[in-house]
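Since the structure comes first, as structure tokens, the remarks are kept for the end.
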Amino acid sequence: MTRLNELSFAELHTMNGSELEQYAERGEASRSDLSRGVVHQLHLSDNWLCDMEHRCEFGAGAPVNIRLSMKSHPQVVVCLTSSSDDVPYWQVSLPFDGGASVAWLCCSETFEPALIFDALRTLETLVATGLNTPEQLAAALRKTGGAV
């Protein structure tokens, strides 16, 4: 793969945790390519800022580990992690209570950008109603069964 040939949805969708790990083990450039491929497939709205893990600074241990934060409310951070050898699911969560707790937004055996997009849109809708802290959002998600 070259910088001009991004990972496609089909490639990302079919890669299991072991394949993602093997791809990431090729080196930092390959790991970055995985993360960029995922972000490209998400088609994020202008409401979101993206921070991709480069050297395990987020500590999740997954080949793809991305933090998305709302531009208007930077305290609202969503964690997206890929499947791995240890965890067979792509996961999207909202940490709250200073990171001591998480609200699970979606979990899938394969990379599903539509599920992730829906989870982010749900958060945007809740923020538009005046909820703007991770704790308020987690409580609202719990009440509505908001996990996707």
Side-chain angles (χ1 to χ4, degrees), residues 6-25 28 30-148:
E6 290 188 7
L7 285 166
S8 69
F9 165 73
E11 291 169 312
L12 288 165
H13 181 74
T14 60
M15 293 174 96
N16 64 33
S18 292
E19 292 167 329
L20 288 163
E21 292 269 4
Q22 290 170 4
Y23 197 98
E25 288 171 1
E28 202 58 44
S30 292
R31 187 160 187 242
S32 292
D33 288 342
L34 277 174
S35 295
R36 275 194 304 279
V38 167
V39 170
H40 178 75
Q41 295 299 320
L42 292 179
H43 305 288
L44 295 170
S45 74
D46 288 339
N47 297 329
W48 295 95
L49 297 172
C50 177
D51 188 14
M52 297 181 288
E53 180 181 64
H54 294 284
R55 292 182 177 82
C56 300
E57 63 267 31
F58 298 153
V64 175
N65 195 337
I66 297 168
R67 297 287 188 264
L68 302 168
S69 57
M70 297 192 82
K71 284 182 182 177
S72 61
H73 303 295
Q75 71 277 18
V76 176
V77 177
V78 175
C79 303
L80 166 61
T81 56
S82 69
S83 61
S84 65
D85 283 333
D86 296 329
V87 180
Y89 303 103
W90 286 79
Q91 302 171 65
V92 180
S93 62
L94 172 72
F96 64 100
D97 290 338
S101 303
V102 296
W104 295 102
L105 301 174
C106 66
C107 184
S108 176
E109 291 181 354
T110 56
F111 176 59
E112 299 290 347
L115 285 176
I116 298 165
F117 181 81
D118 288 345
L120 297 176
R121 188 172 50 204
T122 296
L123 287 178
E124 290 174 339
T125 300
L126 290 171
V127 167
T129 68
L131 305 174
N132 57 27
T133 68
E135 292 75 19
Q136 291 171 334
L137 293 167
L141 290 166
R142 191 175 320 121
K143 285 180 186 174
T144 62
V148 182

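Values below: all heavy atoms of this structure, side chains included; hydrogens, waters and symmetry mates excluded.
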Can any side-chain N or O of [X] pair as donor or acceptor with the backbone N or O of [Y] at less than 3.5 Å?
X    : Y    : result
E11  : S8   : yes
E21  : G17  : no
T129 : L126 : yes
R67  : V77  : no
K71  : D46  : yes

I'd like to check the side-chain hydrogen bond (donor to acceptor under 3.5 Å, both in side chains) partners of [X]; sequence neighbours left out, ordered by chain and number.
X    : value
S18  : D85
T110 : E112
S108 : none

Which atom pair, heavy atoms only, marks the closest approach of [X] to [Y]?
X    : Y    : value
L42  : F117 : O-CD1, 4.2 Å
N132 : V76  : O-CG2, 3.7 Å
L12  : Q41  : CD1-CG, 4.0 Å
L34  : V64  : CB-CG2, 3.8 Å
R31  : P63  : NE-O, 3.0 Å
M70  : V127 : SD-CG2, 3.5 Å

Any side-chain heavy atom of [X] within less than 4.5 Å of one from [Y]?
X    : Y   : value
W48  : V78 : yes
I66  : D51 : no
P134 : Q75 : yes
Y23  : M15 : yes
Q91  : L80 : no

To the nearest 0.5 angstrom, please state how far the [atom1] atom of [X] sits from the [atom2] atom of [Y].
X    : Y   : atom1 : atom2 : result
T14  : E19 : OG1   : CD    : 6.5 Å
L123 : N47 : CG    : CG    : 11.0 Å
L68  : C79 : CG    : SG    : 8.5 Å

For this session: Applying side-chain contact (heavy atoms from CB on, under 4.5 Å) between L44 and each of I116, L49, L120, report the one that passes.
Result: L120

Problem set entry | salt bridge (charged side-chain N to carboxylate O under 4.0 Å, His left out) partners of residues 120-134, not counting sequence neighbours, each pair once | D118-R121

Exercise. Which residues pass the side-chain contact (heavy atoms from CB on, under 4.5 Å) test with S83, sequence neighbours left out?
Worked result: L20, W90

Seminar exercise, completed: Residue set satisfying ring pair (Phe, Tyr, Trp, His ring centres under 6.0 Å) with H73, at least two apart, ordered chain then number -> none

Exercise. For F9, what residues pass the ring pair (Phe, Tyr, Trp, His ring centres under 6.0 Å) criterion, not counting sequence neighbours?
Worked result: H13

Using a 3.5 Å cut-off and no angle test, enumerate the donor-acceptor pairs between side-chain atoms of residues 92-103 and protein atoms at least two apart in sequence or in another chain.
none

